[in-house]
Amino acid sequence: MSFLTRALSVAAAAVLATSLVSTPAQAVDVSPPGANDWSCKPSAEHPYPVVLVPGTFESMDKNWSTLSPYLKSEGYCVFALNYGETNGVYATAPVKDSAAQLAPFVDAVRSATGAKQVDLVGHSQGGMMPRYYMGFLGGAKYVHQLVGIAPSNHGTEGVILPPPDLVPTPDYTAAGCAACADQQAGSPFMQELNSIGDTVAGPSYTVISTTHDEVVIPYNSQFLNGSARQVTNITIQDKCPADVIEHDQTPNDPVVHQLVGNALAQPSGPADPAFQPVCF
C-alpha cells in the first residue's frame, strides 16, 4: 500500500468516524418515481424492462429520483432495488453478496413482465456489480445490455466516502463497507471480477463517464475493453465540453439521461458512439 493510499484510508476513517450516531439508521425501501409498477408490460418499442441498480451508500429512491421518471415517461417499464444493506446502510455489503441479491430481483422482473431479458442501468458500484452477476452467477443470458454510469469497473485509486448530503444520518462506521474495500483498485475482488475479461458473451455494454469524477479515479479506468459491436465507452465532456457533472450527481444529469436513452433504444449492440445529446 502506498503512502498516499494509506493517508487516504486514514482520512476516510476519520470522516466515517464523525458520522456515527447513537442508533443505526433503519433501511426503508422507497421506490423512486415511476419505478416498480409490477403490472407494467413492456411494449414492442421498448421490449426490455429496465432495472436500476444504485451505487455505494445509495438508496434507489435517492439515486434514481430523476432518471426513473425520465425513463418511465419514455415508455419503459422501470424497476429498481436496494441491496447490500449493512446496519441500515445500503450497498455496503461484499459485492459478491450484493450480486446474489440482484439475481432473484431480475428473475422477479422477468416473471412479472414476461420478458426473457432485462436492461440493467447502474451507477458506480451498481454499474460494476452486475458484471459479477453476469460473469459468475449465470446472469448473462438474462441481460440484454448493461449501462454503467461512472462504474467502478476496475476499482478506484481514490477513497469511497458517503456523499456529503447523506452524512451523518446512517451509521457508516458500523456498516464497515466491505464494498468499499472490494472497489479498491487491485483488490482480490477486482482481480477475480476481471480475471475472465471485461465482458462476457451475450450482453452489450455502454459506459458513461465524466472527467470530473472524484470518486472512481482515474475516470478512464471505468471503461471496458471489447469490440465496437459489444462495447461503447462515452466520456461526457467529449459530447458536452462545458458539462462539469461529478460522480455523485451523474444519474441526475440531463445529458446522461439522453445518453442512457440512446443506449436503451438500440435493438442490439451498445449505445451509438456518434449520438450527440443536447448540451445544457
Side-chain angles (χ1 to χ4, degrees), residues 12 15-16 19 21 24-32 35-36 50-68 78-106 108-109 120-134 136-137 139 146-156 158-185 187 189-190 192-193 213-216 222 246-252:
V15 172
L16 292 176
S19 70
V21 293
Q26 297 300 309
V28 178
D29 284 327
V30 178
S31 297
N36 294 334
V50 178
V51 175
L52 302 176
V53 189
T56 309
F57 300 118
E58 297 281 9
S59 62
M60 59 178 168
D61 61 311
K62 176 183 179 294
N63 219 170
W64 306 116
S65 61
T66 61
L67 183 58
S68 177
V78 182
F79 298 87
L81 77 159
N82 291 319
Y83 65 88
E85 181 253 325
T86 310
N87 291 328
V89 186
Y90 290 123
T92 53
V95 178
K96 291 181 184 180
D97 294 351
S98 295
Q101 293 179 29
L102 176 62
F105 189 84
V106 170
V109 169
L120 301 175
V121 179
H123 174 230
S124 194
Q125 180 189 166
M128 170 276 294
M129 176 266 281
R131 291 180 52 222
Y132 193 88
Y133 160 64
M134 294 190 292
F136 293 87
L137 302 181
L146 170 62
V147 181
I149 303 171
S152 51
N153 280 320
H154 299 98
T156 178
V159 176
I160 300 172
L161 295 172
D165 57 342
L166 292 186
V167 175
T169 304
D171 191 345
Y172 294 113
T173 304
C177 196
C180 298
D182 283 347
Q183 290 175 91
Q184 292 300 305
S187 72
F189 171 78
M190 279 294 158
E192 180 183 0
L193 174 68
D213 200 311
E214 79 291 9
V215 175
V216 181
Q222 301 168 19
E246 42 70 55
H247 181 87
D248 181 56
Q249 291 301 311
T250 44
N252 297 318

Review point. Which of these passes side chain to side chain contact (heavy atoms under 4.5 Å, CB included) with Val121: Leu146, Val53, Val147?
Key: Val147
Point to revise | Test log, rule side-chain contact (heavy atoms from CB on, under 4.5 Å), inputs Ile160 and Cys177 | key: CA-CA 9 Å; Ile160 300 172; Cys177 196; 5.6 Å; no
**Study point:** Contact check, side chains of Cys180 and Thr56, non-hydrogen atoms, under 4.5 Å
**Key:** yes
Review point. Side chain of Ser152, backbone of Val216: donor and acceptor closer than 3.5 Å?
Key: no
Practice item. Before giving the answer on side-chain contact (heavy atoms from CB on, under 4.5 Å), spell out for Glu85 and Gln101 the whole-Å C-alpha distance, their side-chain angles and the decisive distance to 0.1 Å. Key: CA-CA 11 Å; Glu85 181 253 325; Gln101 293 179 29; over 6 Å; no
Point to revise | Heavy-atom side-chain proximity of Thr66 to Pro251 below 4.5 angstrom | key: no
Check your understanding: Does any N or O in the side chain of Asp182 come within less than 3.5 Å of the main-chain N or O of Pro94, such that one atom is a donor and the other an acceptor?
Key -> no
Exercise for review: Compare all side-chain heavy atoms of Asp29 with those of Tyr90 and state whether any distance is below 4.5 angstrom.
Suggested key: yes
Review point. Mind checking whether Asp248 and Glu58 have side chains closer than 4.5 Å, heavy atoms only?
Key: yes
Point to revise | Spacing of Leu193 atom CG and Lys96 atom NZ [to the nearest 0.5 Å] | key: 10.0 Å
Revision key, fill the gap. Rounded to the nearest 0.5 angstrom, the CE-NE2 distance for Met190 and His154 is 8.5 Å
Review point. Which heavy atom of Gln125 sits nearest a heavy atom of Ser98, and at what distance?
Key: OE1-OG, 4.2 Å
Review point. If you round to the nearest 0.5 Å, how far is CE of Met134 from CZ of Arg131?
Key: 7.5 Å
Check your understanding: How are the rings of His123 and Trp64 set relative to one another: parallel (under 30°), tilted (30 to 60°) or perpendicular (over 60°)?
Key -> perpendicular
Check your understanding: Below 4.5 Å, heavy atoms only, C-beta onward: do Thr156 and Gln184 meet side chain to side chain?
Key -> yes
Study note, to complete from the structure: Heavy-atom closest pair (Met129 atom, Leu102 atom, distance to 0.1 Å) is SD-CD2, 3.8 Å
Point to revise | Contact summary for Ser31 and Asn36, nearest pair of heavy atoms | key: OG-ND2, 2.7 Å
Exercise for review: For His247 and Ser124, work out which heavy atoms get closest and say how close.
Suggested key: NE2-OG, 3.0 Å
Check your understanding: Hey, mind stepping through Tyr132 and Glu192 against side-chain contact (heavy atoms from CB on, under 4.5 Å) and telling me if it holds?
Key -> CA-CA 9 Å; Tyr132 193 88; Glu192 180 183 0; 3.4 Å; yes
Exercise for review: Please report the closest heavy-atom contact between Ala93 and Ala178, naming both atoms and the distance.
Suggested key: C-CB, 4.1 Å
Exercise for review: Could you walk me through whether Tyr83 and Phe105 pass ring-ring contact (aromatic ring centres under 6.0 Å, His included), step by step?
Suggested key: CA-CA 10 Å; Tyr83 65 88; Phe105 189 84; over 10 Å; no
Exercise for review: Would you check if Val106 and Leu120 make a side-chain contact, meaning some heavy-atom pair closer than 4.5 Å?
Suggested key: yes
Revision key, fill the gap. Closest non-hydrogen atoms of Gly126 and Pro130, given as atom of the first, atom of the second and distance, are O-CD, 3.0 Å
**Study point:** Val78 side chain near Leu52 side chain, heavy-atom distance below 4.5 Å
**Key:** yes
Exercise for review: Ignoring hydrogens and angles, tell me if any N or O in the side chain of Glu246 forms a donor-acceptor pair with the backbone of Gln249 under 3.5 Å.
Suggested key: yes
Exercise for review: Look up atom CG in Asp213 and atom CD1 in Ile149, then write down how far apart they are to the nearest 0.5 Å.
Suggested key: 12.0 Å
